[in-house]
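Residue numbers count from 1 along this sequence. In this text the structure is predicted, and so the values were computed from the model without any measurement.
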Amino acid sequence: MLKEYRTVRELVGPLMLVEEVEGVKYGELVEIELASGEIRRGRVLEVDGDIALVQLFEGPTGLDLYESKVRFLGKSIELGVSPEILGRVFDGLGRPKDGAPPIIPERRLDINGAPMNPYTRDYPSEFIQTGISAIDGLNTLVRGQKLPIFSGSGLPHARLAAQIARQAKVLGAEEKFAVVFAAMGITFEEADYFIGDFRRTGAIERATLFINLANDPPIERNATPRMAMTAAEYLAFDLQMHVLVILTDMTYYAEALREISAARKEVPGRRGYPGYLYTDLATIYERAGRVKGKKGSITLLPILTMPEDDKTHPIPDLTGYITEGQIILSRELHRKGIYPPIDVLPSLSRLKDKGIGAGKTREDHADTMNQLFAAYARGKEAKDLAVILGDAALTDLDRKFARFAEEFEERYVKQAEDENRSIEETLNIGWELLSLIPRGELKRIRDEYLEKYLPETEEEETAGAG
């Protein structure tokens, strides 16, 4: 029998102070029974002697200090898991949101998880195909990697997230692949778009969705990514699946953390975020990876919108320290009508070299990737020079590189929202674009690959016929 307390002494916003408690632990779940019999829930945020600070999930409206009964449940927030979580939609606290009955759990897992022992970590080394050339060809995603997408307000990161969730797969042998998708602080329309897209394309069959709406309590938003990572750990390490976790939008998560920190009157850090923001983000991101001796893996794609497109903002800044690179969306490309507007030059996948090459993608992948980067950078410089000095100031070679940059954006970066390119298609498009540049300028590609893959240009064909 759980002990009931009628010692609520103070209520400030979503925080409640309960006195004379015994044996209460940090993170413990709480039930509050109102005078009407309604049950609300909360979580212990802090314990100091016999005083517990509780955060309410549903808010304080209608709660009477003297009539309310408080019960501490002796456990933290848990997620019930079984293979049936695939194909289901849950809210941010793991309750069914799709009208289907609750699942019958095989196990109940603490959503805070356990940190992965660094010694047991296995190095990410296998290619994941997203079907998007700017990622697969130039900023390759590797199984077990943490690769965030840095976006801005109004950019199509939601569409990109849905496309990656639909298309991503591990190449090679028939591997069991699943997607765990968690959306935080989104509008009802956005939630409807994600759920509808997953159902329309059939991707829901291999996916688990956690949806937290903008009007849901901040405490639920803080639980949502942990729910997603807990589901991913079960699918990866119990069911031996390869799991891609997409978390959008981590900026809303961090803002909920800031809101809770302000309510607790904690000393703020940079831009008002709590000083432990780095540690808190790391407890989520570091749950991704591979474990030695286990077939399954967790690959993580957190998406965050940079306030004022500022890469030095605390959220993208700290995320960059914890993860292995970043994919950056460009407002300039978006204005040009290019989707997905991935700016490949500042983007970086630190593990890309481990997931490409013969037996993984193709032997020529590394060389073409380096040449495409170099040629695009030179083409952008030539275009910038033309803006300042005019086209007449460019040499013939500069003009060829400038044309390459334009074609690269139109044919390589730009693709349809439902276009799922294989890695072979991506590499072949790269070779077609490289044929626009004189062969003597392709200095980053080995001669045997030039002989094998470089298409003949019109000039070469004419010379050969002559």
Going by heavy atoms in the side chains, are Asp317 and Thr312 under 4.5 Å from each other?
no
Glu286 side chain near Arg121 side chain, heavy-atom distance below 4.5 Å
yes
Can you tell me if Gln167 and Thr130 form a side-chain donor-acceptor pair at under 3.5 Å?
no
Test item: side-chain donor near acceptor, Glu84 and Ser82, under 3.5 Å:
yes
Supply the atom-to-atom distance His365 NE2 to Leu138 CG, rounded to the nearest 0.5 angstrom.
7.0 Å
If we count only N and O atoms by modelled type, under 3.5 Å, do the side chains of Ser133 and Asp136 hold a donor and an acceptor together?
no
List the steps, then state whether salt bridge (charged side-chain N to carboxylate O under 4.0 Å, His left out) holds for Lys97 with Asp91.
CA-CA 6 Å; Lys97 199 181 177 74; Asp91 69 6; over 6 Å; no
Side chain proximity check, Thr230 to Met227, heavy atoms < 4.5 angstrom
no
Are Gln326 and Ser347 close enough that some pair of their side-chain heavy atoms sits under 4.5 Å apart?
no
Does Phe181 have its ring centroid less than 6.0 Å away from the ring centroid of Phe198?
yes
Partner of Ser297 by side chain to side chain donor-acceptor pair (under 3.5 Å), out of Gln145, Gln240, Arg143, Glu126:
Arg143
Six-ring centre of Tyr273, Arg258 cation under 6.0 angstrom, axis tolerance 45°
yes
If you measure from CG on Asp310 to CD1 on Ile315, what distance do you get to the nearest 0.5 Å?
10.5 Å
Test Glu363 against Tyr453 for side-chain hydrogen bond (donor to acceptor under 3.5 Å, both in side chains), laying out the working first.
CA-CA 11 Å; Glu363 59 184 355; Tyr453 296 106; 2.8 Å; yes
Tell me whether Asp238 is salt-bridged to Lys294, with the criterion being a basic N under 4.0 Å from an acidic carboxylate O.
no
Could you go step by step and tell me if Asn428 and Arg362 meet the side-chain hydrogen bond (donor to acceptor under 3.5 Å, both in side chains) rule?
CA-CA 11 Å; Asn428 292 339; Arg362 206 168 72 184; 3.2 Å; yes
Any side-chain heavy atom of Arg403 within less than 4.5 Å of one from Lys400?
no
Is a side-chain donor-acceptor pair under 3.5 Å present for Asn212 with Arg221?
yes
What pair of heavy atoms forms the shortest contact from Thr251 to Asp249, and how long is it?
N-OD1, 2.9 Å
Atom NZ of Lys169 with >12 non-hydrogen neighbours under 6.0 angstrom
no
I'd like to know whether CD of Glu424 has more than 12 heavy-atom contacts from other residues, nucleotides or ligands below 6.0 angstrom.
yes
Closest heavy-atom contact between Leu351 and Glu324?
CD1-OE1, 3.9 Å
Which of parallel (below 30°), tilted (30 to 60°) and perpendicular (above 60°) describes Tyr278 and Tyr321?
perpendicular
Are any non-hydrogen side-chain atoms of Val81 and Glu106 less than 4.5 angstrom apart?
no
Given side chains that start at C-beta, do those of Val142 and Ile128 come closer than 4.5 Å, heavy atoms only?
no
Geometric cation-pi criterion Arg159 and Tyr339, 6.0 Å radius, 45° cone
yes
Is it true that a side-chain atom of Arg444 and a backbone atom of Phe373 form a donor plus acceptor pair closer than 3.5 Å?
no
Side-chain contact test, heavy atoms from C-beta onward, threshold under 4.5 Å: evaluate it for Glu409 versus Tyr376 and give yes or no.
yes
Taking the six-membered ring of Tyr119 as reference, does the NZ or CZ atom of Lys292 fall below 6.0 Å from its centre and within a 45° cone about the axis?
yes
Step by step, would you call Asp280 with Thr283 a side-chain hydrogen bond (donor to acceptor under 3.5 Å, both in side chains)?
CA-CA 5 Å; Asp280 191 275; Thr283 61; 4.7 Å; no
From CA spacing to verdict: salt bridge (charged side-chain N to carboxylate O under 4.0 Å, His left out), Glu451, Arg439
CA-CA 11 Å; Glu451 294 293 337; Arg439 180 166 173 159; 2.7 Å; yes
Considering all heavy atoms, the nearest Ala183-Thr224 contact:
O-CG2, 4.2 Å
Run Ile342 and Ile328 through side chain to side chain contact (heavy atoms under 4.5 Å, CB included) and show every step you take.
CA-CA 6 Å; Ile342 295 173; Ile328 297 179; over 6 Å; no
